Amino acid sequence: MTPYDDALRQATSKTPLIDGFGRTVTYLRVSVTDRCDLRCVYCMSEHMTFLPKAQVLTLEELDRLATAFVDLGVRKLRITGGEPLVRKGVMGLIENLSRHLRTGALEELTLTTNGTRLSEFAPDLARFGVRRINVSMDTLKPDLFRTLTRGGDLAKVIGGIDAALAAGIAVKINAVALKDDNAAELPDLIAWAHARGCDATLIEAMPLGEIEFDRTDQFLSLKDVRRELESFWTLEDSDHVTGGPAHYVRVKETGGRLGFITPLSHNFCEACNRVRLTCTGTLHTCLGREDASDLRAVIRAGADAKGLEEAIRLAVDAKPQGHDFQIVRSGAPAVARHMSTTGG
Ligand code: SAM
Ligand code: SF4
């Protein structure tokens with residue numbers, strides 16, 4: 001516990017964060033960088049312009065903002081990016097945030113990563129109380145992986161997954177379903193994950209940010225994927241719920257859990273418990289809308305704990321009821337910012 005935590009605890013009213021539609025916000029995703037060592041075709045353009053350092057929150061500012069949310073009732077914190085493990089000093093941030101696990105304020109501290117640097121960091125992540133992570137991997141074929149990520153080395157990611165499992169961290173494999181690229185091998189990828197004791201989740205490509213391709217060419221409906229999987233597997237409904245957009249089943253033949261993230265259907269907005277903080281301190285209360293509150297401006301203007309609490313409550317109060325994604329052949333993305341900026 002830092003002196004700042006004490007001051008915050010005394011200054012804030014401790015009433016949970018409840019939005020204008022009665023939903024309690026208990027889950028914060030924090031993007032710690034917009035940079036990445038990969039360039040996945042659906043996520044980034046080949047030549048991305050990254051943010052100047054001065055715009056990006058310092059590690060201390062990230063800690064202060066995340067801590068403010070924890071003190072207002074956030075129970076689950078996911079560190080993401082860009083690629084979180086390429087941010088210099090990120091392990092120090094994770095170590096510091098782990099104090100909230102020890103006090104019981106936080107239930108879970110977790111991370112979404114592309115896995116390229118996991119071999120190096122897995123033992124420390126385990127030591128800092130990280131119990132589960134999501135690793136994004138769209139294919140088991142090294143050549144296709146190199147193409148989809150524009151240069152990535154699949155062996156490093158698999159080595160990272162093994163290191164995390166060896167350190168006692170549960171791994172969920174996330175794969176974006178892409179029509180002409182990995183559709184045919186999704187069953188192999190799922191079976192591979194389940195054989196290692198990992199859950200797997202398939203994600204529909206979302207229209208976030210300008211990329212070089214037409215998204216309608218990449219888009220693959222998970223309804224169709226599910227129908228295909230059901231032609232040779234038995235998918236049993238699972239009661240596993242997360243408050244997020246994933247719907248889970250158990251694959252009888254592999255014994256593993258499989259999630260479907262279908263952001264294009266609205267059915268999860270009613271139960272949405274999450275907000276996202278970008279690495280520039282912008283709070284987005286809905287992934288699929290342009291709403292934004294500048295918390296960096298609030299703290300850099302010298303706001304005290306009370307002032308920050310007010311800014312957070314104001315933003316959460318205005319959380320939109322739902323999003324309005326559509327994949328249409330208009331050329332323009334539904335939301336201009338990339339997933340790597342918002343934090344997936
Ligand atoms: N770099 C880390 C990683 O890849 O896991 C964390 C950030 S990444 C933006 C988080 C997740 O968003 C990944 O699982 C990635 O596949 C997914 N993602 C990125 N762009 C997407 C898009 N346009 N539609 C759907 N998922 C996307
Ligand atoms: Fe990087 Fe993750 Fe985006 Fe791929 S999905 S480019 S790994 S941020």
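Whatever order the structure lists them in is the order used to number ligands and atoms, beginning at 1. Owing to the predicted nature of the structure, the values given are computational and were not obtained by experimental measurement.
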| When L17 is tested against each of T26, V25, N273 for side chain to side chain contact (heavy atoms under 4.5 Å, CB included), which residue passes? | V25
| field | Ligand-side contact atoms (ligand 1) for residue partner V176, heavy atom cut-off under 4.0 Å | value | 16 (O), 26 (N)
| Close-contact set for ligand 1 against A205 heavy atoms, below 4.0 Å | 24 (N), 25 (C)
| query | For the residue pair T33 and E83, what are the closest heavy atoms and their distance? | reply | CG2-O, 3.3 Å
| Can you find an N/O atom of D138 closer than 3.5 Å to an N/O atom of ligand 1? | no
| C43, portion touching ligand 2 at heavy-atom distance under 4.0 Å | side chain
| Those atoms of ligand 1 less than 4.0 Å from some heavy atom in C43 | 19 (C), 20 (N)
| Qualifying residue for side chain to side chain contact (heavy atoms under 4.5 Å, CB included) with L222, from L202, I203, L229 | L202
| Within a strict 4.5 Å, meaning less than it, do heavy atoms of the V86 and T116 side chains meet? | no
| field | C36 near atom 3 (Fe) of ligand 2 via N/O/S, less than 2.8 Å | value | no
| message | Please work out, at 4.0 Å between heavy atoms, whether the side chain, the backbone, both, or neither of V135 comes within that distance of ligand 1. | response | neither
Name every donor-acceptor pair, under 3.5 Å, that has one atom in a side chain of residues 171-178 and the other anywhere in the protein, sequence neighbours excluded.
residue: K172; atom: NZ; partner: N174; partner atom: OD1; Å: 3.0
residue: K172; atom: NZ; partner: T201; partner atom: OG1; Å: 3.1

| request: For T113, counting its heavy atoms only, list the atoms of ligand 1 lying under 4.0 Å from any of them. | output: 2 (C), 3 (C), 5 (O)
| With atoms numbered from 1 as shown, which atoms in ligand 1 lie under 4.0 angstrom from a non-hydrogen atom of E204? | 25 (C)
| said: Can you confirm whether E253 sits close enough to T234 that some side-chain heavy atom of one is under 4.5 Å from a side-chain heavy atom of the other? | reply: yes
| How would you list, by chain and number, every residue that makes a side-chain contact (heavy atoms from CB on, under 4.5 Å) with L97, sequence neighbours excluded? | D63, A66, T67, L77, I79, L93, H100, L109
| request: Pull out every atom of ligand 2 sitting under 4.0 Å from any heavy atom of G82, numbered as shown with elements. | output: 8 (S)
| Sole residue of T80, V30, D34 in side chain to side chain contact (heavy atoms under 4.5 Å, CB included) with C279 | D34
| task | Using a strict cut-off of 4.0 Å, indicate which atoms of ligand 1 neighbour a heavy atom of T80. | result | 6 (C), 7 (C)
| field | Enumerated ligand 1 atoms positioned under 4.0 Å from heavy atoms of G82 | value | 1 (N), 2 (C), 6 (C), 7 (C)
